[in-house]
Amino acid sequence: MASRNMPSTNKRKRGKNEDLDAEKCKKSKLEPGGNSAKSTAENNNRFLNGLHILIISAGIQKFRFDIFKKQIIKYGGIYMEKFTDETSHIIVDEKMELDRLCRILKWDSIPTGVKIIKSLWLSGCLKDNNLNSSANFELDNQEFRVQSVKNDLLNDNVKVEPSTSNYSPKNEHSPTKDHSPKKDHSSKKAAYSDADSDYDEANDRALPASPKGHKHIPTEKWVCSAASSDKKKEIPNKNVIAKLEEMAKNYKNSADKWRSFGYQKAIAALKTYNKEITTYEDAVALRGVGKKLADKIWEIIQTGELRKLNEISSTDEAKTTNMFSDIWGVGATTARLWYTQGHRTLANLEKNANLNRQQKVGLRLYDDLKERMTREEAGKIEQYVKETAQKINPGLIAMACGSYRRGKQTCGDVDVLVTHPDGKSHKGVFQKLLHGLHETGFLTDDLVTQDDHSTQQKYLGVCKLPEEGSQHRRLDIIVVPHNELACALMYFTGSAHFNRSCRNLAIAKGMSLSEHSLNTGVIRSHGEKINKGTPLPTPTEESVFELLGIPYRSPQERDH
DNA sequence: AACCAGCATGT
DNA sequence: ACATGC
DNA sequence: GGTT
Ligand SMILES: O=c1ccn([C@H]2C[C@H](O)[C@@H](COP(=O)(O)OP(=O)(O)OP(=O)(O)O)O2)c(=O)[nH]1
Ligand SMILES: [Mg+2]
């Protein structure tokens, strides 16, 4: 990411890249949540002042990488996205070798005046709050460097594996992989071209790929119609899914959202593939599962464990940031900030960290809000909101969507949609409804709302049934105009994965789908919408499916 | 190397 | 602008 | 992370 760039001879390019760099610096200085007195004091010790530091990401975990980045800026250094002639320090992984570095940076030779230092140096500096000597961390002397570079260039085809010492995961994998092919993957891949109906990248592929003997391609060709409807007692690949979900969570909480996204997509593919995966080939044939994930899946199948996961999960960082991220209102950025500030426990957080209002609620109700409720309890909450709404106006429609509408046996929260058939009486409902729900003490805490309710579209809060032993539960309410009901229902029913699939399909068809409308004639340029397009009439959910060109799916079938 | 959904609210 | 969440 |  922050590497592969121009030879040292090049002056930096003007324009885009510089803007980006400047942008990044600005961003990182705006730390969320404010800082404690302690860290303010730390900020004054700008021991990295004037240093232009480039981190080579290869071999360095994203988690550490991001902390480095943030801390460099915090302590007065300049974080560099790419190598320029201003670069003073290059931070590399402990296992980095000079020839590899040269290839990464496309260097013919090593520039002078640049220190190439192992990352432990930076770790030490940050730990000691001091610019330590880098002598013990610099890579070997120059003559050696130049030579090794030359050798590489001569050899031309340098595929030198960086993993010289220690174990090499790849090598441990490949032999095992060879045991697997009990299958001839003759008709394995992609027999069908589902270009037209590519409604979910992961799922569309998953099904067609599975039937080795199934001649039927009938309607199941679109996972849309059959996908998640059947609840199984035995979930195939359960352990694999569990491990990958942990990986996804770890990466999410280390702010590597796209890596997490990749895992989640693979998980979705596995869930849709209703059979036990037994071979590497099985796994890699799934859309959304590439070689690296197939390797990991294979390892889990063979050993029941994933070393990479054990490695990550055993770290203090992962444990702590995962715990912090379970607080409502605390995401990856804040969790990691608190970690780098030295916080390790929830109790410590309460006393010493800087929490916003939502996070204080989240922390206070930590245990309750982590739990899912039974479907039955969710039904009672829906009913409570519905009755309160209809006391205000009997014509109001209120229904639980989300996991409840999809028929799940447990619900993480209750998502209530409110509208009115006359197309206008939904206005002003928030004010009255929230007042009604507060009045009885049903709502215990607000998380996201609006003071004057003038343009409010959603309410996120906490409620508690008036019953013995009831727990605090998350409640989401949206109020929508009746002409947006279909799209709002689609959105609020989900699942989130399902929504994103539909929206991806919409993009592919030159449309755009949101909770408000399905627009056509959308023009995008460089990923950005130039023209919002025009809303299509969508009287029913069915009409949305039809306009998207996919068969209707009941809520239960949208549980991806 | 770009893309991976689109939006509301809080700070 | 960014973080967080739906 | 994967796909295009
Ligand atoms: O990133 C998201 C999250 C949610 N939603 C939609 C789909 C989802 O079904 C609905 C409600 O969100 P919630 O987080 O409550 O998910 P859920 O499907 O109801 O699951 P849970 O049982 O955890 O509440 O909002 C999205 O479109 N994108
Ligand atoms: Mg929900």
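Naming convention: chains lettered A, B, ... in sequence-line order (proteins, then strands); numbering from 1 in each chain. None of these values were measured; they are calculated from a predicted model.
Using a 4.0 Å cut-off, no side-chain N or O of A:Trp328 falls inside it from OP1 or OP2 of C:dA3. Listed pair A:Lys458 / B:dA8 fails the phosphate criterion, with no side-chain N or O lying under 4.0 Å from OP1 or OP2. An OP1 or OP2 oxygen of B:dT9 is reached within less than 4.0 angstrom by no side-chain nitrogen or oxygen of A:Thr449. For the pair A:Gln450 and B:dT9, the criterion of a side-chain N or O lying under 4.0 Å from OP1 or OP2 is met. Listed pair A:Arg259 / D:dG1 meets the phosphate criterion, a side-chain N or O lying under 4.0 Å from OP1 or OP2. Between A:Arg474 and the phosphate of C:dG5, there is no side-chain N or O to OP1/OP2 separation shorter than 4.0 Å. Look at A:Arg357 and you won't find any side-chain N or O under 4.0 angstrom from OP1 or OP2 of C:dT4. For C:dA3, one of the phosphate oxygens OP1 or OP2 lies less than 4.0 angstrom from a side-chain nitrogen or oxygen of A:Thr333. Phosphate contact (OP1/OP2 of B:dA8, side-chain N/O of A:His516, threshold under 4.0 Å): present. Between B:dG6 and A:Ser512, a contact under 4.0 Å exists linking OP1 or OP2 to a side-chain N or O.
Taking atom NZ of residue A:Lys532 and atom C1' of nucleotide B:dA5, one finds them 16 Å apart after rounding to whole Å. Here B:dT9 presents its P atom at 6 Å from CD of A:Gln456, a figure rounded to the nearest Å. Atom CD of A:Gln358 is separated from atom C1' of B:dA8 by 12 Å (rounded to the nearest Å). A:Phe324 places its CZ atom 18 Å from the P atom of C:dA3, with the value rounded to the nearest Å. The nearest whole Å value for the distance from the CD atom in A:Glu515 to the P atom in B:dT9 is 10 Å. In this entry the distance linking CZ of A:Phe492 with P of B:dG6 reads 19 Å, nearest Å. Put simply, CD1 on A:Ile327 is 15 Å from C1' on C:dG5, counting in whole angstrom units. One atom, CG of A:Leu505, and another, P of B:dC3, lie 19 Å apart when rounded to the nearest Å.
Using C1' as the reference atom, C:dT4 and B:dA5 are 16 Å apart when rounded to the nearest Å.
For the atom pair CG (A:Asp559) and OG (A:Ser554), the distance works out to 10.0 Å, reported to the nearest 0.5 Å.
Counting non-hydrogen atoms under 4.0 angstrom, A:Ile507 reaches the backbone sugars and phosphates but no base. Contacts of A:Ala248 with the nucleic acid, taken as non-hydrogen atoms under 4.0 Å apart, are absent. Within 4.0 Å (heavy atoms only), A:Asp476 reaches sugar-phosphate atoms of the nucleic acid but no base atom.
The pair A:Glu350-A:Arg364 does not count as a salt bridge, with every side-chain nitrogen at least 4.0 angstrom from each carboxylate oxygen. A salt bridge links A:Asp326 with A:Lys249; the closest basic N to acidic carboxylate O contact falls under 4.0 Å.
Residue A:Trp258 is the one, among A:Asp451 and A:Trp258, whose nearest nucleotide of DNA chain B lies closer to the 5' end (criterion: closest heavy atom).
With no hydrogens or angles considered, no side-chain donor-acceptor pair links A:Arg558 and A:Ser495 at under 3.5 Å. For the residue pair A:Glu484/A:Ser517, the side-chain donor-acceptor check at 3.5 Å is not satisfied. A donor-acceptor pair shorter than 3.5 Å can be found between the side chains of A:Asn253 and A:Ser325. A:Gln471 and A:Arg473 form a side-chain donor-acceptor contact under 3.5 Å, judged by distance and modelled atom types alone.
Taking a centre distance below 5.5 Å and an interplanar angle below 30 degrees as the stacking criterion, A:Phe261 does not stack against the six-membered base ring of B:dC4.
The base of C:dC6 sits with one of its N or O atoms less than 3.5 Å from a complementary donor or acceptor on the side chain of A:Tyr491.
Across D:dG2, B:dA5, B:dC7, the shortest atom-to-atom separation from the side chain of A:Leu293 is found for D:dG2. Minimum atom distance to the side chain of A:Asp415 is reached by C:dC6, of the listed C:dC6, B:dA5, D:dG1. Side-chain proximity of A:Arg287 to D:dT3, D:dG1, B:dC7: nearest is D:dT3. Checking D:dG1, B:dA5, C:dC6 against the side-chain heavy atoms of A:Arg500 singles out B:dA5 as nearest. Looking at the side chain of A:Val448, the nearest of the listed nucleotides B:dT9, B:dG6, C:dC6 is B:dT9.
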